[in-house]
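Please read the structure below before turning to the comments.
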Amino acid sequence: MSQRFKDIDYIGVVLWLFRTAIVVVVLWGTISKLFLEQGNAYTTIDWIDFLIAGLSQGSLYALIALGYTLVYGVLFMINFAHGEFFMSGTMTATIFVALPLSSSGFLDANPILGMLIIIIVAMLVSVGVALLTERVAYRPLRRAPRLVPLITAIGASFFWQYFFRGLYGSTLIPFPELQVLVGKWTVFGIEILKTRAVVMVASVIMLIGLYIFIMRTKTGTAIRAVAEDKDIAALMGIDVDRTISITFATGAAMAGAAGILYGMVFRQVHFFMGFVPGIKAFTAAVLGGIGSIPGAALGGLFLGLIEAVGPPLFLEGLGIPGAHQLKDVIAFTMLVLVLIFRPQGIVGERLAEKKA
Amino acid sequence: MKRTIFLVLISILMVMGLAACGGQALECTDAIGCVEIAPDDPILIASSLVISGPNTDLGLDSQYGVEIAIDFRGELLGHAIELQPEDDGCNAEGGQTSATKIVSNPQIIAMVGTSCSGAGVPAAKIISDNGYAMVSPSNTAPALTDPELHEAGYLRTAHNDKVQGRAMAEYAINELGVTKAAAIHDGDPYTEGLASVFSEAFQELGGEMVAFEAIDANADDVIAPLTTIAAAGPPEFLYYPVFIPLGSLITKQAQEVDGLDGVILAAADGVQSPSFLEAAGDAAEGMYVSGPDLGFGNETYDKFLAAYQEKYGTEPTAPFHAHAFDATNMILDAIEKVAQQADDGTLLIGRQDLRDALFATSGMTGITGTITCDQYGDCADPKIAVSQVQGADFVKIWP
């Protein structure tokens, strides 16, 4: 008996209590919001609106999170400059393509072609910035201790932020509104804002496309091989430097496209716009299991959902005023919880061999 | 030998003479220290205003006001006046960083700033604890001059939002005839203070507040909180005294939420700038904005505007340039009043003396009106106007 008490791992007990407490608090808030509250209750339509807002925001997070996860997969580094890849393409395409196309009337006359041009320009600029960063800031440090590229990434992030601020100024730039996307569609009896629907569909298409690219193509196989072991991959005749560049380029292209979708929904861009989505997408990538592509997608959707639904659901149920302000608290609490209880994330990275 | 003794005696006399000279002319007796300005050194004033990020229009406009005040003054007590501009970032971190940087330079006499109340709270503490003084041209949060929270070195020429929030509530009820309103803030002292004052005044005047919501200043998706507000009401009048970019986001997304179509939108002086209009576009058309009444109608303001246009090639971009001009003059007048002058031009300025002189400012004629400070640092002569966005411009419609 006394032996059994001695064997108790006290940290384990504390963590278990912590976990239980959080579950109880969330459940309590949810139940009191859904069943006990008088008046001021949400209708089903309100809940659907929350869900759609969350899913569309989440699909943006998912697209950005892919860049983190891909780069982590091959280099084991968190590329904190990724938010800036997102920003650079979006701002450049907005200023040099979207605004001129819109004021000349071309965009409203050929919305699909116009948007495609804008997205392609954004992707190209993001890719360019990413390749440049990789070549100049990361490649020379490939064999350095892991902390070094992390700090470099933060430096690169600041560099690009203020580089583009110097280039384009620090004011907000409006993203043109597409006339065809004003208003709502009704899908299965649910009213949904057109821009949100487009964002969700486009994200799903891009996610599937990326998955096929990684899983079915030769380049994708090379990326996976480099992710497992750079040296062995090199011995097998894979050009490691080139593959890593392609990985950065792929992530940045996704970010550039996500940036234009972001602009379409929120209709304003500025030089600091990459920071918050970047941090959120990083959270999403860790949430889903950093290194895993389906994980990043799931993590992004999950994060977007809980940010939109969490405040009205359990924070308001707990009687917290101005609950929506605390959506970041929910997001980052999730990050902490995942790091404590399930560091491998929701999906977890499956490896042929454990890597350190 | 004789010669040596003579030389030693001479030098001792000279040293004594010098010491006596210095002591006689300038001696710091101030309780919290002095600034000594050598004959050829400039009088150094700092500013901490938002000069980066989406709210640059607000801070640069004030900084131009400070620079024009310095230009108009030319020199003070035979010294040039120099400005050290810092950035308050419109957030608490920026206020803290810039204030720390300012108090680390013992030659800085006082600071004009901050732009944003959120930056003002930590800055006021650091500036005051280190014996400096600050005059803000655009902090309007009631908390900063609250008797219990006021920091000893803090003053402002901007109005207190107790006045502005009330003006907006009166306008909404008396002129627009609405009865149900909702307010949004972002947790910053300026926005929260103004939203609270508005909602108190609105209820006092017989209206009903259906929601009082908070959204993070860096949020991008505001559909969820707006849905919460629509579900609670829906309100006829939505007041969101926040900054850019949140202000333009709410303006654009409010129309997309069920139940908020047709709601009257209103914001405050934090977004009264061309960059807000550009960012919000057509969605801002018809919305109301409260802010200081710029119809000052005095000669100095006309001269000021001409100088502004000539020097910076633009119309003022925010409502607080005149307040910044007055804040700078308050500081310069106070320096002139308390500085001790040595024969060689050295200046000695007592920091407590300077504070006392600032707080004693009374009946000073500024652009913004007659400036008189109370013991908690409120110096403004507050006049609030409500403007409406018409044809992508702010048009004053009340009073």
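Note that these values count all heavy atoms, side chains included, but never hydrogens, waters or copies made by symmetry.
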[atom1]-[atom2] distance between [X] and [Y], expressed to the nearest 0.5 angstrom:
{"X": "A/Gln161", "Y": "B/Ser52", "atom1": "CD", "atom2": "OG", "answer": "10.0 Å"}
{"X": "A/Leu172", "Y": "B/Leu277", "atom1": "CG", "atom2": "CG", "answer": "11.5 Å"}
{"X": "A/Ile279", "Y": "B/Asn218", "atom1": "CD1", "atom2": "CG", "answer": "11.0 Å"}
{"X": "A/Phe266", "Y": "B/Leu249", "atom1": "CZ", "atom2": "CG", "answer": "7.0 Å"}
{"X": "B/Thr228", "Y": "A/His324", "atom1": "OG1", "atom2": "NE2", "answer": "2.5 Å"}
{"X": "B/Asp258", "Y": "A/Thr43", "atom1": "CG", "atom2": "OG1", "answer": "9.0 Å"}

Check: Highest number of heavy-atom pairs under 4.5 Å with chain B: which of A/Asp49, A/Leu193, A/Val276?
Finding: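 That would be A/Leu193.
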If you compare all heavy atoms of [X] against all heavy atoms of [Y], which two are closest, and at what distance to 0.1 Å?
{"X": "B/Ala224", "Y": "A/Phe50", "value": "O-CE2, 3.1 Å"}
{"X": "B/Pro245", "Y": "A/His270", "value": "CG-NE2, 4.1 Å"}
{"X": "A/Arg165", "Y": "B/Ile51", "value": "NH2-O, 3.5 Å"}
{"X": "B/Gly187", "Y": "A/Gln325", "value": "CA-NE2, 3.2 Å"}
{"X": "A/Lys327", "Y": "B/Asp221", "value": "NZ-O, 4.0 Å"}

Note to self: Counting heavy-atom pairs closer than 4.5 Å to chain A, which one of B/His185, B/Glu213, B/Glu278, B/Gln253 comes out on top?
What the structure shows: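 Among the listed options, the one with the most contacts to chain A is B/Glu213.
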Notebook entry, point to check: Hey, which of B/Ser248, B/Ala217, B/Ala211 has the most heavy atom pairs under 4.5 Å with chain A?
Noted result: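 Most pairs with chain A among the choices: B/Ser248.
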Looking at [X], I'd like to know if its [atom1] atom is crowded, meaning that more than 12 non-hydrogen atoms belonging to other residues, nucleotides or ligands lie closer than 6.0 Å.
{"X": "A/Leu318", "atom1": "CG", "value": "yes"}
{"X": "B/Asp146", "atom1": "CG", "value": "yes"}
{"X": "B/Lys101", "atom1": "NZ", "value": "no"}
{"X": "A/Phe332", "atom1": "CZ", "value": "yes"}

Given a strict heavy-atom distance threshold of 4.5 Å, which part of [X] is in contact with chain B: side chain, backbone, both, or neither?
{"X": "A/Lys280", "answer": "neither"}
{"X": "A/Asp328", "answer": "side chain"}
{"X": "A/Pro311", "answer": "neither"}
{"X": "A/Phe271", "answer": "side chain"}
{"X": "A/Glu177", "answer": "neither"}
{"X": "A/Phe275", "answer": "neither"}

Next item on the list: Side chain from CB out, backbone as N, CA, C, O: work out which of these in B/Ile223 comes under 4.5 Å of a heavy atom of chain A, or both, or neither.
Entry: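 The side chain, not the backbone.
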Margin query: Counting C-beta onward and ignoring hydrogens, is there a side-chain heavy-atom pair between A/Met273 and B/Asp220 closer than 4.5 Å?
Written below: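 Heavy-atom side-chain distance check fails, nothing below 4.5 Å.
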